[in-house]
Asks: 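Take this structure first; my questions come after.
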Amino acid sequence: MSPIRLTLPDGSVREVPEGTTSRQVAQSIGAGLARAALAARVDGQIRDLDRPLTQDARFAILTEKDPDALEVLRHSAAHILATAVRELFPTAGIGFGPPIEDGFYYDFEVERPFTPEDLEAIEKRMAEVTGKDYPFIREVVDRPEANRRFKDDPLKLERIADLGPDETITVYTDGPFVDLCRGPHLPSTGRLKHFKLLSAAGAYWRGDSRRQMLQRIYGTAWFRKEELEAYTHRLEEAKKRDHRKLGKELDLFLFHPFAPGAAFWTERGTSLYNTLNQFMRELQRDGYQEIRTPLLYNKGLWEISGHWGKYKENMFLVHNNETGEQDMSLKPMNCPSHHILYGLGKHSYKELPIRYSTYDVLHRNEVSGALSGLTRVRQFSQDDCHIYLMESQIPEEVRRLTEFILGYYRTFGLEATLKFATRPEQRIGDDGMWDRAEAALRAALEATGLPYELKPGDGAFYGPKIDFDVADSIGRKWQLGTIQLDYAAPERFDLHYVGEDNHEHRPVIIHRAVNGSFERFIAILIEHFAGAFPLWLSPEQVRVLPISDQQAEAAARVNETLRTAGIRSTLDAGSQTLNYRIRDGEIGKVPYMAIVGQREAEAGTVAIRVRGAGNKQEIIPVAEFTARLTAAIAARSLTP
RNA sequence: GCCACUGUAGCUCAGUGGUAGAGCACUCGAUUCGUAAUCGAGCGGUCGUCGGUUCAAUCCCGACCAGUGGCUCCA
């Protein structure tokens with residue numbers, strides 16, 4: 001056998017006989033590395049340790065430290081889960097079992113759904129499977145052999161049938177369990193040590209609601225105990241921050257069965273909503289035209305926009321008494337109404353870009369099972385904007401928008417990452433148009449200097465787009481803003497502008513949202529800040545507390561002074577003890593408590609207690625306190 | 001929409017085949033207090049809705065409504 005050359009991560013080259021396994025290479029490098037080895041990276045591809053090496057390659061041993069190793073661990077964990085389920089439920093059919101972010105799942109076809117007790121038993125059995133330390137054995141099989149091995153697993157047979165003719169079919173065995181799988185896997189089941197099953201839920205076979213429902217088990221797996229604990233801690237933290245829980249506790253919004261998917265905003269929630277809206281209005285004071293358009297339309301509009309054909313399921317249709325038919329609908333999007341308004345006038349190139357912004361209420365008929373708190377609702381408002389412009393204006397406009405959006409997020413301490421989605425297979429317009437549109441978007445992206453992820457083929461059928469993902473304070477990602485180029489709508493709505501040449505031309509449209517929707521953005525803010533909003537956003541910015549009735553009047557005057565300065569201040573002069581009222585303020589996450597005792601009443605000062613800072617009080621004149629708050633509010637300071 | 005689970009006072013939750021409790025909140029009284037719960041009394045629920053089984057249903061069964069976790073979809 002001829003030797004092959006392996007280039008190691010440190011640049012050194014090692015010659016080994018062809019057919020040597022990665023495990024053997026690891027051993028030859030060092031016993032410690034061999035013990036730590038989980039898999040190998042061969043020319044960038046992750047492989048099982050025991051696969052023989054066949055040609056020259058860049059080579060690295062994968063240990064726990066490698067981020068890609070987690071995927072291998074979790075994929076193997078899924079197999080171990082299936083091994084356990086098959087032992088406890090021998091007739092269970094097996095679907096797919098991939099690694100996912102933070103864990104893994106496996107889908108089973110069983111007679112009855114899994115109960116929490118089942119999960120406990122399965123988890124216990126998984127521990128036995130890892131205890132036995134079965135090696136994961138990879139085999140390449142031909143199609144007839146694969147069909148024979150899985151003759152009792154219809155789901156696997158279906159998968160095999162879908163494999164292309166040149167695809168290598170591999171099966172993996174760990175102890176009693178055999179699975180069709182591309183791999184790679186851990187060397188043996190004993191390498192999985194820290195895992196936990198989390199939940200069971202129904203899931204359609206292949207995500208298709210017309211197919212049978214399988215039972216999915218979710219789990220998580222980590223290399224180190226502390227990581228598993230940190231992860232379960234993170235789940236608990238997320239639960240504590242859940243906007244549905246905090247929304248109730250902080251009295252921000254409520255839901256009622258009579259209006260599923262539509263929030264009732266309390267005074268405090270409305271304050272939050274309006275503060276955000278005010279901020280957006282202020283940012284869009286120049287260069288934008290805020291407009292309001294009807295909420296209810298004849299189907300004629302939806303026929304032009306294409307919604308009647310493609311989006312009807314998601315629209316709330318309204319019965320028209322005159323025609324006796326459901327030929328009207330509440331608007332699910334603002335775009336068509338904006339296009340109508342644009343089309344009603346004649347526009348010169350000198351007016352462009354025309355930026356229509358709106359906060360109108362939208363309705364989308366989401367299926368009942370999809371509704372969830374404020375993040376998934378049927379009634380909401382977007383901070384929507386449609387920009388009508390000439391193609392030549394796209395680069396500059398996109399650059400402005402990107403800066404605008406990123407600056408907006410920064411106000412909340414949110415960092416965004418960008419995604420650039422290009423032409424999909426199904427699209428309108430010629431390649432020249434797409435070339436120009438994508439180049440313009442890309443140039444704008446490059447100009448930000450920020451890294452972005454390329455999503456080829458993920459654009460809308462009418463144009464490419466930039467999406468903005470935001471990570472909150474506990475690392476969860478949310479897709480928020482979007483900038484989409486649209487070449488189709490101007491055609492459909494027959495929109496023009498008069499050019500320098502005195503002829504009519506088609507404008508291009510940019511769809512832009514920053515918040516996504518106020519509802520969802522507020523949910524994210526609640527969770528991001530864990531309900532402790534920065535001063536400028538807080539529904540109640542200050543609570544004034546007299547120490548006893550003797551200072552009630554002085555405290556009322558302080559409260560009046562603050563309110564006159566435009567600060568959202570309240571007075572809590574109840575008959576409860578001071579301790580009680582302070583506790584109440586802390587639980588209510590009020591940024592500042594201003595305490596007025598005899599000394600303060602006489603000196604015209606307040607003792608300030610900052611949220612979360614304990615009793616490290618500062619005593620300052622009321623005027624100074626007012627000035628300080630006013631400045632912090634104007635600056636939209638993040639602290640406190 | 002589909003699968004599973006859940007629904008008891010404003011909130012968090014206990015409980016039983018013989019028509020219900022706790023803590024907090026609220027109301028009233030006393031307390032006037034210097035930085036995270038003062039004491040006492042009281043008010044408050046046709047046990048999600050409708051139907052069935054039963055001498056008797058909040059409890060068992062069914063349907064519906066809503067919520068939760070997923071699937072799907074998306075802002």
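Here is how names work: the chains are called A, B, and so on, in the same order as the sequence lines, proteins then strands, and each is numbered from 1.
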Asks: Respond yes when some side-chain nitrogen or oxygen of A:Ser368 is under 4.0 Å from OP1 or OP2 of B:G1, and no when none is.
Replies: yes
Asks: Tell which nucleotide pairs with B:G7, taking only Watson-Crick or G-U wobble pairs whose two distances are both under 3.5 angstrom.
Replies: B:C65
Asks: Can you tell me, in whole Å, how much space there is between the C1' of B:A57 and that of B:U8?
Replies: 14 Å
Asks: Using the P atom on both, measure B:A66 against B:C73 and round to a whole Å.
Replies: 23 Å
Asks: Under 4.0 angstrom, heavy atoms only, what part of the nucleic acid is A:Arg609 near: base, sugar-phosphate, or nothing?
Replies: base
Asks: At under 4.0 Å between heavy atoms, what does A:Gln215 touch on the DNA or RNA strands: base, sugar-phosphate, or nothing?
Replies: sugar-phosphate
Asks: Ignoring the backbone of A:Ser199, work out which of B:G69, B:C33, B:C71 is nearest its side chain.
Replies: B:G69
Asks: Atom CG of A:Leu250 to atom P of B:C11: distance rounded to whole Å?
Replies: 15 Å
Asks: From B:G69, B:A66, B:C33, pick the nucleotide closest to the side chain of A:Pro257?
Replies: B:A66
Asks: Both distances below 3.5 Å, Watson-Crick or wobble geometry, any strand: find the nucleotide opposite B:U58.
Replies: none
Asks: Which comes earlier along RNA chain B counting from the 5' end, the contact point of A:Gln479 or that of A:Lys616, where each point is its nearest nucleotide?
Replies: A:Lys616
Asks: Starting at atom NE2 of A:His256, determine the distance to atom P of B:G48, rounded to an integer number of angstrom.
Replies: 15 Å
Asks: Check every strand shown and say whether A:Arg581 touches a base, only sugar-phosphate, or nothing at a heavy-atom separation below 4.0 Å.
Replies: nothing
Asks: Could you tell me whether A:Asp549 contacts a base, only the sugar-phosphate backbone, or nothing, with contacts defined as non-hydrogen atoms closer than 4.0 Å?
Replies: base
Asks: Can you tell me the distance, in whole Å, between the CG atom of A:Asn579 and the C1' atom of B:G34?
Replies: 9 Å
Asks: Rounded to whole angstrom, note down the C1' distance from B:U58 over to B:C74.
Replies: 40 Å
Asks: A:Thr115 near the nucleic acid: base, sugar-phosphate alone, or nothing, with a heavy-atom cut-off under 4.0 Å?
Replies: nothing
Asks: Let me know, please, whether A:Leu480 or A:Tyr580 comes out on the 5' side of the other along RNA chain B by nearest nucleotide.
Replies: A:Tyr580
Asks: Less than 3.5 Å apart, any donor N or O on the side chain of A:Glu290 or A:Tyr359 sitting next to an acceptor on the other?
Replies: no
Asks: Roughly how many Å apart are B:C50 and B:U16, using the C1' atom of each and rounding to a whole number?
Replies: 23 Å
Asks: What nucleotide among B:A75, B:A36, B:C71 has an atom nearest to a side-chain atom of A:Arg520?
Replies: B:A75
Asks: Is A:Gly612 touching bases, backbone alone, or none of the nucleic acid, heavy atoms closer than 4.0 Å?
Replies: nothing
Asks: Contact class for A:Glu586 (heavy atom, under 4.0 Å): base, sugar-phosphate, or nothing?
Replies: base
Asks: With the side chain of A:Ser575 defined as its heavy atoms from C-beta on, choose the nearest nucleotide among B:A75, B:G70, B:U32.
Replies: B:U32
Asks: Looking at A:Glu123, I'd like to know if its CD atom is crowded, meaning that more than 12 non-hydrogen atoms belonging to other residues, nucleotides or ligands lie closer than 6.0 Å.
Replies: yes
Asks: Considering only the C1' atoms, how many Å lie between B:A9 and B:C3, rounded to the nearest integer?
Replies: 33 Å
Asks: Is the closest side-chain donor-acceptor distance between A:Tyr218 and A:Arg216 under 3.5 Å?
Replies: yes
Asks: When you measure from the side-chain N and O atoms of A:Arg244 to the phosphate of B:G69, is any distance below 4.0 Å, counting only OP1 and OP2?
Replies: yes
Asks: Any donor-acceptor pair under 3.5 Å joining the side chain of A:Glu366 to the base of B:A75?
Replies: yes
Asks: Rounded to whole angstrom units, what separation is found between the CE atom of A:Met333 and the C1' atom of B:A75?
Replies: 9 Å
Asks: Assess, by modelled atom type and distance only, whether the side chains of A:Asp118 and A:Thr115 contain a donor and an acceptor separated by less than 3.5 Å.
Replies: yes
Asks: When the C1' atoms of B:G29 and B:C5 are compared, how many Å lie between them, rounded to an integer?
Replies: 46 Å
Asks: Over all strands shown, is A:Ile582 touching base, sugar-phosphate only, or nothing at heavy-atom distances under 4.0 angstrom?
Replies: base
Asks: With sugar-phosphate meaning primed atoms plus P, OP1 and OP2, does A:Ala513 contact a base, only sugar-phosphate, or nothing at under 4.0 Å between heavy atoms?
Replies: nothing
Asks: Give one of base, sugar-phosphate or nothing for A:Tyr204, where a contact means two heavy atoms less than 4.0 Å apart.
Replies: base
Asks: In terms of side-chain heavy atoms of A:Arg583, which of B:A75, B:G34, B:A37 is nearest?
Replies: B:A37
Asks: Between B:U12 atom P and A:Lys239 atom NZ, what is the distance in whole Å?
Replies: 14 Å
Asks: Could you check A:Arg234, A:Arg241, A:His233 and say which one makes a side chain to side chain donor-acceptor pair (under 3.5 Å) with A:Glu237?
Replies: A:Arg241
Asks: Can A:Phe380 be called stacked on B:A75 when the rule is centres closer than 5.5 Å and an angle between planes below 30°?
Replies: yes
Asks: How far, in whole Å, is B:G40 from B:C64 if one measures between their C1' atoms?
Replies: 46 Å
Asks: Would A:Ser381 and A:Asp360 count as having a side-chain donor-acceptor pair, cut-off 3.5 Å?
Replies: no
Asks: May I ask you to say what A:Glu600 touches in the nucleic acid, namely base, sugar-phosphate or nothing, with a heavy-atom cut-off under 4.0 Å?
Replies: base
Asks: For A:Ala201, report the nucleic acid contact type (base, sugar-phosphate, nothing); a contact means any heavy atom under 4.0 Å.
Replies: base
Asks: For atom C1', what is the distance between B:U68 and B:G48, given to the nearest Å?
Replies: 15 Å
Asks: For A:Phe521, run the ring pair (Phe, Tyr, Trp, His ring centres under 6.0 Å) check against A:Tyr273, A:Phe468, A:Tyr408, A:Trp478 and tell me which one passes.
Replies: A:Tyr408
Asks: Looking across every strand, which nucleic acid part, if any, lies under 4.0 Å from A:Leu362 by heavy atom: base, sugar-phosphate, or nothing?
Replies: nothing
Asks: Answer yes if the ring centres of A:Phe96 and A:Trp205 are under 6.0 angstrom apart, and no otherwise.
Replies: yes
Asks: Using a heavy-atom cut-off of 4.0 Å across all strands, would you classify A:Gly369 as base, sugar-phosphate, or nothing?
Replies: base
Asks: In the strands shown, is B:U32 matched to any nucleotide by a Watson-Crick or G-U wobble pair with both distances under 3.5 Å, and which?
Replies: none
Asks: When you measure from the side-chain N and O atoms of A:Thr577 to the phosphate of B:U38, is any distance below 4.0 Å, counting only OP1 and OP2?
Replies: yes
Asks: Confirm from the modelled atom types if A:Arg376 and B:C73 form a donor-acceptor pair under 3.5 Å, side chain to base only.
Replies: yes
Asks: Using the rule given for salt bridge (Lys or Arg N to Asp or Glu O under 4.0 Å), can you reason through A:Arg609 versus A:Glu586, listing the C-alpha separation, both sets of side-chain angles and the distance that settles it, and then say yes or no?
Replies: CA-CA 10 Å; A:Arg609 183 185 165 112; A:Glu586 288 286 352; 2.8 Å; yes
